[in-house]
Every structure is written in structure tokens, then in C-alpha cells.
Amino acid sequence: MHSPVAPTRSAGISARTPAVLVTLAVALVAALVAAFVVAPGMLAASGADDGLADSRHLTEAVREALVGYWSSGDREFSPDLERVVDYWFRYHVVKAVIAAILLLVLVALGVRLWKAFLKADGPGAGRRAALASAGVLVTMLALLSLVTVMANIQGAVAPLSSLLPLLAVGTADGELADTLDHVRQQLADSLSTGAPTPPALDLMTSDFARYHVAMAVVGSIVALVLIGLSVMLWMRFARTDSSDRRTRRVWGSFGALSALLSLIVIVVAVANTTTAADPAPALLAFFEGGW
């Protein structure tokens with residue numbers, strides 16, 4: 001005779017497995033979020049760059065480096081600016097990697113939750129509501145992670161342009177104010193009269209164009225993926241029996257969401273493509289942003 005203990009134990013382990021996996025996934029998500037906040041500055045900094053992990057020191061370093069770079073008159077980065085730009089590149093690479101891992105974990109967790117929601121039978125409306133709520137939350141977090149990956153890829157491709165917003169932190173006075181005035185004046189003269197721009201401004205303009213090209217390319221890739229995902233989901237919706245309303249609602253909702261998101265990303269990609277094609281006016285508008 002076969003003992004009834006073994007199947008009972010196996011069934012219990014099988015029933016607990018999804019809960020254990022979800023718990024582990026949630027713990028991993030929490031660890032990745034903490035790493036995303038704490039780790040990039042420490043991992044990107046090394047040796048002489050240790051001070052750049054502090055936001056105040058980084059802002060001061062960017063301001064001083066830009067003033068020195070502009071006054072040098074050269075196209076090539078000054079040593080101080082190259083140091084800051086290299087740090088900022090590494091910083092964005094680390095953030096992009098962590099955000100990408102977080103995205104993968106959230107997608108896996110979301111799939112697990114939505115499958116559990118579709119399989120939840122019986123009168124347990126509270127359990128289904130909890131699974132649906134958790135699934136929606138994880139889906140939103142996954143979308144946020146996707147946006148974060150895209151933004152950090154853009155920052156890594158063009159770290160100089162990604163650093164420019166730090167110039168607006170605090171008050172611009174003294175040499176920094178004079179430098180920004182010169183940049184604005186040179187850009188305005190170039191746009192109105194076609195006057196040649198200094199080598200440093202040429203590099204800043206080309207980097208600003210690359211910054212927007214990066215988002216245009218990344219956005220186009222993401223839009224294609226979302227369109228393909230939407231088509232696949234709507235096909236599943238169409239193949240699902242009309243009596244299975246819960247499954248049809250899930251496929252239809254995600255199909256519509258994917259289509260909507262693809263349209264939004266396409267708009268972002270087109271806008272960045274337009275800016276990349278003629279970056280100087282946008283760069284001037286950026287520098288005239290109330291500084």
C-alpha cells in the first residue's frame with residue numbers, strides 16, 4: 001500500500017510555492033530599490049572621484065568644470081570636466097543596470113500575480129481583489145522601471161547634457177553667471193546671424209543632439225516592443241472563449257494599455273528626433289530657462 005503522507009506533503013509544498021516565490025520576489029524588489037538609491041554614487045566613484053558621490057560636491061564640481069572648460073576655448077574636455085563627465089557616465093550605467101534587473105524581476109512577479117488571479121476560483125472575492133491590486137501595483141512599478149532604464153541609457157550616452165540641469169541648482173553668480181551669459185549670447189548670435197560658434201559650444205551642441213538621438217532610438221525600440229506585445233495580447237483576447245470574462249478583461253486591458261503606451265512613446269521619440277535634427281534652438285531655450 002502507498003502511504004498517504006507523501007502526496008499530502010507534496011501537495012502542501014506545491015500550494016506554498018507561489019507564495020514563497022512572491023515573497024522572495026518582493027524581498028528582491030525591495031533590495032534592488034534600495035540599491036538603486038544608494039549604490040550608483042558609491043559604485044561610480046573611485047579614488048579622486050569619491051567626493052562626487054555627494055550631490056552638493058557634484059554640483060559645485062560641474063559648475064567649476066564648466067567655467068574652466070569654457071574659458072579654455074578648446075573643444076576637448078578640460079581634465080576637470082572630463083573627470084565629472086566620466087563619473088556621471090558610470091553613475092548612469094550603474095543605475096540603468098539596476099533598473100533593468102528590477103524591471104525583469106517586476107515583470108516576472110507581475111506575470112506570477114496575474115496568472116494567480118486568473119486561476120483563483122471559488123467564492124474568494126477578497127483574494128482575487130488582493131491579487132488584482134498587487135498586479136496593478138507591480139505593473140505600475142514595472143512601467144516606472146522601464147522609464148528609468150530609458151532615461152539612464154540616455155544619460156549614459158550623453159553624460160555632459162545630462163549634467164547641465166545641475167547648473168540650475170542654486171544661484172548662478174560670478175564666473176558661472178558670466179559663462180552662462182556668454183553661452184546664451186553665442187547661441188543667440190549663431191541662430192540669428194549664422195555667426196560661428198566657439199569649439200566648446202560646438203561640442204555642447206553636438207552632445208545635446210546625441211542626448212536626444214539616444215531617446216529617439218530607445219523610444220523607437222520600446223514602441224516596437226509595445227506594439228508587438230499589444231498585437232499578441234489582442235490575439236489572445238480574440239482566442240479566449242467569450243464565457244471566460246475574467247481572462248478576456250485581463251488580455252483586453254493589457255492590450256489597450258500596451259497600445260496606449262506605444263503611442264505615448266512614439267510621440268516622445270518623434271519629439272526627440274525633431275530636437276536632434278536642429279538642437280541649437282532647444283539648447284538655447286534650455287539655457288534661457290530662468291537662470
Side-chain angles (χ1 to χ4, degrees), residues 5-46 50 52-55 58 87-156 162 218 221-222 225-226 229 232-233 236 246-247 249-251 253-255 257-258 261 265:
V5 176
T8 302
R9 183 184 305 164
S10 176
I13 292 174
S14 177
R16 288 196 302 269
T17 299
V20 172
L21 290 176
V22 169
T23 301
L24 291 175
V26 170
L28 182 56
V29 168
L32 287 170
V33 170
F36 182 83
V37 174
V38 177
M42 295 187 298
L43 293 177
S46 60
D50 287 347
L52 297 179
D54 179 79
S55 59
L58 175 63
Y87 165 80
W88 204 233
F89 165 76
R90 296 192 299 270
Y91 179 85
H92 278 296
V93 169
V94 173
K95 294 194 80 170
V97 170
I98 295 175
I101 296 173
L102 179 59
L103 174 61
L104 293 175
V105 172
L106 287 168
V107 169
L109 178 57
V111 169
R112 168 69 67 174
L113 288 169
W114 286 113
K115 281 185 176 180
F117 171 75
L118 292 177
K119 293 178 180 178
D121 295 322
R127 181 171 181 268
R128 289 196 296 271
L131 287 170
S133 299
V136 170
L137 176 60
V138 168
T139 301
M140 295 300 103
L141 290 175
L143 292 177
L144 179 60
S145 297
L146 174 61
V147 172
T148 304
V149 172
M150 295 170 65
N152 280 283
I153 291 175
Q154 183 185 32
S162 179
V218 172
I221 295 172
V222 171
V225 171
L226 289 170
L229 180 61
M232 182 192 72
L233 290 167
R236 290 195 175 188
R246 191 194 312 172
T247 302
R249 280 199 301 268
V250 171
W251 294 143
S253 297
F254 276 99
L257 177 62
S258 299
L261 290 174
V265 176

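Heads up: numbering here begins at 1 and tracks the sequence.
- In this structure, Phe254 and Leu229 have side chains that are not in contact, with every pair of non-hydrogen atoms separated by 4.5 Å or more.
- Residues Ala35 and Pro40 approach most closely at O-CD, 3.2 Å, considering heavy atoms.
- Across every non-hydrogen atom of Arg246 and Leu118, the tightest pair is NH1-O, 3.3 Å.
- For the atom pair CZ of Arg112 and CG of Leu131, the computed distance is 11.5 Å after rounding to the nearest 0.5 Å.
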Pair up each side-chain donor or acceptor in residues 95-103 with any protein partner under 3.5 Å, not counting sequence neighbours, and list the distances.
none

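- Listed here is the closest heavy atom pair of Leu58 and Leu52: CB-O, 3.5 Å.
- Going from atom CG of Leu109 over to atom CG of Leu141 covers 9.5 Å, rounded to the nearest 0.5 Å.
- Of all heavy-atom pairs spanning Ala132 and Phe117, the tightest one is CB-CE1, 3.8 Å.
- Test Leu104, Val105, Val37 against Leu32 for side chain to side chain contact (heavy atoms under 4.5 Å, CB included) and you get one pass: Val105.
- Residue pairs meeting the side chain to side chain donor-acceptor pair (under 3.5 Å) criterion with at least one member in residues 24-44: none, sequence neighbours excluded.
- Among residue pairs with one or both ends in residues 139-152, those qualifying as side chain to side chain donor-acceptor pair (under 3.5 Å) are His92-Asn152, Trp114-Thr139; sequence neighbours excluded.
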